[in-house]
Undergrad: 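Below is the structure I would like to discuss, written out as structure tokens.
Only heavy atoms go into these numbers, but all of them, side chains included; no hydrogens, no water, no symmetry mates. If you read the sequence from its start, that first residue is 1, and numbering goes on from there.
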Amino acid sequence: MTFSKLAPLTLTVAIAASLVACGKTEAPATADAAKPAFDLSQIKTPLISLDVADLDPSISACTDLNGFVNSKWLAANPVPGDQTTWGSFEILRERSLEVQHALVEQAAASNAKAGSVEAKIGDIWKTGSDEAAIETAGITPLAPELERIAALGDTAAIGKYLRDSYAQGQGFLFSFGGNADYKDSGNVIAYAGQGGLGLPEKGYYFDEAQAKIRDAYVAYIAQTLELSGVDAAQAAEQANAVMAFETRLAKASLSRIELRDPSKRYNPVSAADADKITPNFSWSAFFDTLKVPAANKFSLAQPGFFAEVDKMLADVPAATWQAYLRFHTVDNAAPYLSKAFEQANFDFYSKTLRGQQEMQPRWKRVLDSVNGAMGEALGQLYVDAVFPAESKVQMQHLVENLSAALKARLETLPWMGEDTRKKALEKWASFTPKIGYPDKWRDWSGLQTGGEGYLANMRAARAFNYRYMLDKIGKPVDKSEWGMSPQTVNAYYNATKNEIVFPAAILQPPFFDAKADPALNYGGIGAVIGHEMMHGYDDSGSQFAANGNFDNWWTDSDRSAFNGRTDQLVAQFDNYEALPGINVKGKLTLGENIGDLGGLTVAYDALQMALKEDPARNVPVDGYSEDQRFFMNWATVWRRNFTDGELRVRLNTDPHAPANFRANGAPSNMPSFAAAFECKAGQPMVRADDKRVVIW
């Protein structure tokens with residue numbers, strides 16, 4: 001449901017609501033208090049903004065808006081060796097990382113009170129930066145766990161190990177976490193979902209085009225096992241067994257496209273009923289071990305997957321289970337172990353799979369760990385240092401304008417009947433916007449860190465965060481919590497809370513600039529606001545009502561009319577060829593494409609409303625009208641290069657279409673774009689009437 005990058009699957013279930021826990025504030029400062037001085041001149045990465053010098057006059061906007069706005073910049077800015085993508089999002093992320101780097105250095109160097117947020121951030125930073133200590137430790141920090149895995153001899157022992165590992169936040173065979181009940185969104189229940197794969201998606205285990213990736217993965221499994229102490233010949237044999245094991249899991253898994261359907265993610269059962277599906281794996285015992293009150297109701301999504309896992313507990317030899325668990329335990333820990341493990345992990349997942357040529361510098365890798373362990377805590381320091389209060393005020397005004405424009409659209413949709421329209425407007429009225437940072441910061445007092453080691457600190461943080469999430473199960477949803485940290489360059493919509501969320505770090509050019517003319521802000525962050533609102537009405541979000549419950553509020557005829565229009569959008573994106581012979585998957589990317597088309601449409605309406613309120617602002621800038629600059633900045637947002645490897649992975653896994661197609665896709669359906677640039681019928685950016693997609 002996010003606006004930009006696809007978030008990786010973790011122990012928690014990858015569905016609409018976030019699982020971040022919030023509580024009292026530890027640090028004395030808040031975002032509304034006086035901010036400590038921060039020297040912005042320290043930031044070396046320049047901002048991207050719409051600049052006429054970047055435009056390519058040899059390419060007509062009516063032929064290729066993305067090429068007209070971005071081609072010169074893209075040609076001059078290839079993907080750096082330590083990245084897999086490079087563009088607007090990555091540049092803002094680099095700027096955010098530079099600020100965060102200064103903050104964690106400051107925290108590590110300070111005489112912070114023991115147990116304070118700063119001290120804990122400092123502990124992770126210092127142990128992660130101590131390469132000599134990490135190298136000396138080698139795999140020793142994992143030795144006790146590997147010994148336990150090596151002793152697993154039967155189904156009962158494996159089941160107990162799985163229960164115990166999940167209790168420490170270390171599980172990977174399936175996803176398990178707390179989330180709002182789809183049918184009672186005010187309360188949290190447990191969700192169990194498919195998982196256990198080392199490759200990005202089930203298709204990687206079967207598609208002929210991925211044969212080389214499969215071979216490289218088997219080699220990586222063998223390499224990891226050998227590094228962990230397994231004899232080379234045995235490691236090779238075990239790697240093939242692990243691959244066969246995961247292939248069984250993949251065969252029983254649903255595809256990313258299938259998982260877009262909320263009904264495929266929600267299957268409420270009792271623990272007793274679940275035990276009948278998996279007689280070799282007791283869910284009742286699992287909940288007892290995790291201290292989770294879920295005996296009466298939890299979601300066992302993808303029951304076919306769990307039935308297969310249950311068979312595997314009975315018929316897969318213990319030695320194969322040992323190899324699978326050993327490999328994934330070491331693989332998950334590799335970024336925190338000595339160089340050989342970290343390098344092997346990078347060589348497969350980043351270089352072979354995604355085309356990244358160089359490992360990022362140590363400080364960035366450790367900073368990623370700090371964000372994974374204590375992201376919101378670091379976000380509090382970030383907001384206090386660099387987020388201006390006036391940005392939040394101006395964003396609130398933009399949200400109000402976009403909301404008014406959306407309402408006007410909903411009130412006049414010709415294809416929507418009055419019964420459905422009434423429900424759509426009820427949902428509109430219940431949107432909750434969150435801007436910049438949480439009103440209530442999370443409590444980190446229960447997390448214990450120290451100087452004993454990098455992996456130890458990361459595992460402590462993982463266990464702490466997982467326990468914090470588990471403790472929400474069986475309780476009311478905390479609607480104040482956030483699913484992203486303030487320093488994240490992204491935005492998201494949450495269906496079960498019906499909220500739209502915009503972290504502080506995205507509120508910079510090209511998305512938002514307090515000094516810019518209206519066109520740039522409406523074509524940037526305005527379109528983002530509209531995009532997130534429209535997720536409430538996309539193919540998935542539209543299945544959730546105003547109160548956040550999974551509930552059909554559409555008449556059959558209106559749903560049919562909606563599906564007919566979205567099918568046209570699927571066809572449009574199915575026809576985009578991203579790499580030779582490889583097209584975008586229109587069904588996989590449908591939700592984001594609906595968000596783009598609807599978001600850009602209502603953002604354009606809101607711009608026209610703003611210009612009527614202040615006609616003096618409706619003047620050309622650098623020779624381009626406000627309407628033209630609106631669409632030009634939309635394209636600037638999607639200025640992005642990819643490595644071929646990264647693009648291949650995303651085409652199989654990412655619900656977002658590649659950036660160049662997002663830049664062109666929505667405008668090509670909008671008569672306002674054609675009018676702004678005086679495009680003619682038949683030009684590539686003007687879709688014929690029978691092909692033009694009109695939803696909102």
Undergrad: Quick one about Gln100 and Tyr382 (side-chain donor to acceptor, distance below 3.5 Å, no hydrogens or angles considered), yes or no?
TA: no
Undergrad: Count the heavy atoms of every other residue, nucleotide or ligand shown that sit under 6.0 Å from CD of Glu342, and state whether that count exceeds 12.
TA: yes
Undergrad: Passes side chain to side chain donor-acceptor pair (under 3.5 Å), Thr449 versus Asp123? Steps please.
TA: CA-CA 6 Å; Thr449 61; Asp123 285 341; 2.7 Å; yes
Undergrad: Can you find a side-chain donor-acceptor pair between Asn187 and Asp181 that sits under 3.5 Å?
TA: no
Undergrad: Nearest heavy-atom pair of Ala190 and Phe176: which atoms, and what distance?
TA: CB-CZ, 3.6 Å
Undergrad: Would you say the side-chain atoms of Asp130 and Thr127 include a donor-acceptor pair closer than 3.5 Å?
TA: no
Undergrad: Does Arg467 form a side-chain contact (heavy atoms from CB on, under 4.5 Å) with Asp471? I'd like the steps, not just the answer.
TA: CA-CA 6 Å; Arg467 181 73 260 162; Asp471 286 344; 3.0 Å; yes
Undergrad: Is it true that, when you exclude Gln106 itself, more than 12 heavy atoms of the residues, nucleotides or ligands shown sit nearer than 6.0 Å to its CD?
TA: no
Undergrad: Determine, stepwise, if the pair Tyr324 / Gln238 fulfils side-chain contact (heavy atoms from CB on, under 4.5 Å).
TA: CA-CA 8 Å; Tyr324 172 79; Gln238 290 176 15; over 6 Å; no
Undergrad: Measure the acute angle between the ring planes of Trp444 and Phe464, then classify it against the limits of 30° and 60° as parallel, tilted or perpendicular.
TA: tilted
Undergrad: Decide whether Asp347 and Gln343 meet the rule of one side-chain donor and one side-chain acceptor closer than 3.5 Å.
TA: yes
Undergrad: Exactly one of Tyr466, Phe174, Phe172 should register a ring pair (Phe, Tyr, Trp, His ring centres under 6.0 Å) with Tyr166. Which one does?
TA: Phe174
Undergrad: Check the side chains of Asn345 and Tyr220 for a donor-acceptor pair under 3.5 angstrom, ignoring hydrogens and angles.
TA: yes
Undergrad: Do Leu146 and Ile139 come close enough that some side-chain heavy atom pair is under 4.5 Å?
TA: yes
Undergrad: Less than 3.5 Å apart, any donor N or O on the side chain of Tyr182 or Arg265 sitting next to an acceptor on the other?
TA: yes
Undergrad: Would you please test Gln356 and Thr84 for side chain to side chain donor-acceptor pair (under 3.5 Å) and show each step?
TA: CA-CA 5 Å; Gln356 182 176 331; Thr84 58; 5.1 Å; no
Undergrad: Distance only, no hydrogens: is a donor on one side chain within 3.5 Å (strictly under) of an acceptor on the other, for Thr496 and Asn494?
TA: yes
Undergrad: Any ring pair (Phe, Tyr, Trp, His ring centres under 6.0 Å) pairs touching residues 131-165, not counting sequence neighbours?
TA: none
Undergrad: Can you tell me which residue among Asp275, Val309, Leu162 is in a side-chain contact (heavy atoms from CB on, under 4.5 Å) with Phe281?
TA: Leu162
Undergrad: Looking only at side-chain N and O atoms, does Ser165 offer a donor or acceptor that is under 3.5 Å from a partner on Gln170?
TA: no
Undergrad: Looking only at side chains, do Ser129 and Trp363 share a donor and an acceptor under 3.5 Å apart?
TA: no
Undergrad: Could you tell me if Glu90 and Thr85 have a donor-acceptor pair between their side chains, going purely by distance under 3.5 Å?
TA: yes
